[in-house]
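For reference, the structure is listed below as structure tokens.
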Amino acid sequence: MQMTSAPHLLAEDGPEYERILGDALRHAHERPDLEGVGDRLNTEQLRTMALSATALITAAAATEYEHYVKARGELRRAATAEGADGAPAPDGPQSTAAGSGAGIGAVITVLTPLLAGSAAVIFLLVGYLLKAVGPSMTFGGSLVAAGWFFAAVAAAAILVAAVGLLVTALRNGATSLAAENEEQELPEDVARAREAWRHALLERGILPFLRDALADPTAGPAARTPHRSPNRIPKVGYSRPDFSGPDDGPAAGPRPTFTSPDFTSPDFGGPEHQPD
């Protein structure tokens, strides 16, 4: 029985959804019901369609996902409570100071090679130019010595930056391994809820969607949305009057004629025409 209102997929679970989808497409040739991959639609087209229909696919495993999110939330709340009772939180004043120090160190590491290298180029160029113009001038030799000093500083700063990048890469790798180990060491109830959601998402969501897409490529989420034709304009309850031209309809009959009334002047005239 599915939920009536499925929770939306959280942003932190989006990569997991994409990973399960990628595994399903990668091993599609091993499933007889997905043997049509590459004939009508290729894997990239199917991936795009499935990513566009994330809400539709994840709704098939809404119950398992809600249970998994609830178990994971309880675990995190318990871990937060234990951290509050023990060591200070990671975002305390010490952490803030350490972050500020790391930021200043990164700025110095980046700017030192640039500034020292620029100074070395300028001093060496001007110093050798002065020595070429006036070999007896001691100022040119001093500029050359200063230029070589800044060149050595720039080389040392570049070496320190390279070592810092290497240490950061190793630290990030150790952090990712620790995160993977922490994920593998989840409590049994959380791990079981996560596996149940993954299995339901694959079997009831992703695979049926891929089968339907391969059976009928036009039956995607957009095709299931009812479209209204632009020509379907609702008709009102009356129609326009039927006006016809003079040539339409039966032949016109004789038109009625009108004559002006026969007005005659009175039977009298001027003095020469007196009535009898």
task = State whether Arg194 and Glu16 are salt-bridged, where the test is any N-O pair (Lys NZ or Arg NE/NH1/NH2 against Asp/Glu carboxylate O) under 4.0 Å.
result = no
request  = Take atom CD of Glu188 as the centre, draw a 6.0 Å sphere, and report whether it contains more than 12 heavy atoms from other residues, nucleotides or ligands.
outcome  = no
query = Between Asp23 and Arg26, is there a salt bridge with N-O shorter than 4.0 Å?
reply = yes
task = Output yes when Arg204 and Glu64 qualify as a salt bridge under the 4.0 Å nitrogen-oxygen rule, no when they do not.
result = yes
Distance-minimising heavy-atom pair for Ala71 and Val190 = O-CG2, 3.7 Å
Could you list the donor-acceptor pairs under 3.5 angstrom formed between side-chain atoms of residues 111-127 and any protein atom two or more places apart in sequence or on another chain?
{"residue": "Thr112", "atom": "OG1", "partner": "Ile108", "partner atom": "O", "Å": "2.6"}
{"residue": "Ser118", "atom": "OG", "partner": "Leu114", "partner atom": "O", "Å": "2.8"}

task = Compare all side-chain heavy atoms of Asn42 with those of Leu46 and state whether any distance is below 4.5 angstrom.
result = no
request  = Report yes if the side chains of Leu41 and Met49 come closer than 4.5 Å at any heavy-atom pair, otherwise no.
outcome  = yes
task = Answer yes or no: is there a side-chain heavy-atom contact under 4.5 Å between Arg192 and Asp189?
result = yes
Inter-residue atom distance Ile57.CD1 - Leu9.CG, 0.5 Å rounding = 11.0 Å
ask   = So does His29 have more than 12 non-hydrogen atoms from other groups sitting under 6.0 Å from NE2?
value = yes
query = Nearest 0.5 Å, what's the CZ-OG1 distance between Phe209 and Thr54?
reply = 9.0 Å
inquiry  = Taking the basic N atoms (NZ, or NE/NH1/NH2) and the acidic carboxylate oxygens, is any pair closer than 4.0 Å for Glu203 and Arg198?
reply    = no
Mind listing the side-chain donor-acceptor pairs of residues 143-155 below 3.5 Å, one per line with the distance, residues two or more places apart or on another chain?
{"residue": "Trp148", "atom": "NE1", "partner": "Tyr128", "partner atom": "OH", "Å": "3.4"}

query = Distance only, no hydrogens: is a donor on one side chain within 3.5 Å (strictly under) of an acceptor on the other, for Tyr65 and Asp13?
reply = yes
inquiry  = Suppose we screen for side chain to side chain donor-acceptor pair (under 3.5 Å). Which residues come up paired with Arg77, at least two apart in sequence or across chains?
reply    = none
ask   = Side-chain contact, heavy-atom cut-off 4.5 Å: His67 with Arg72?
value = no
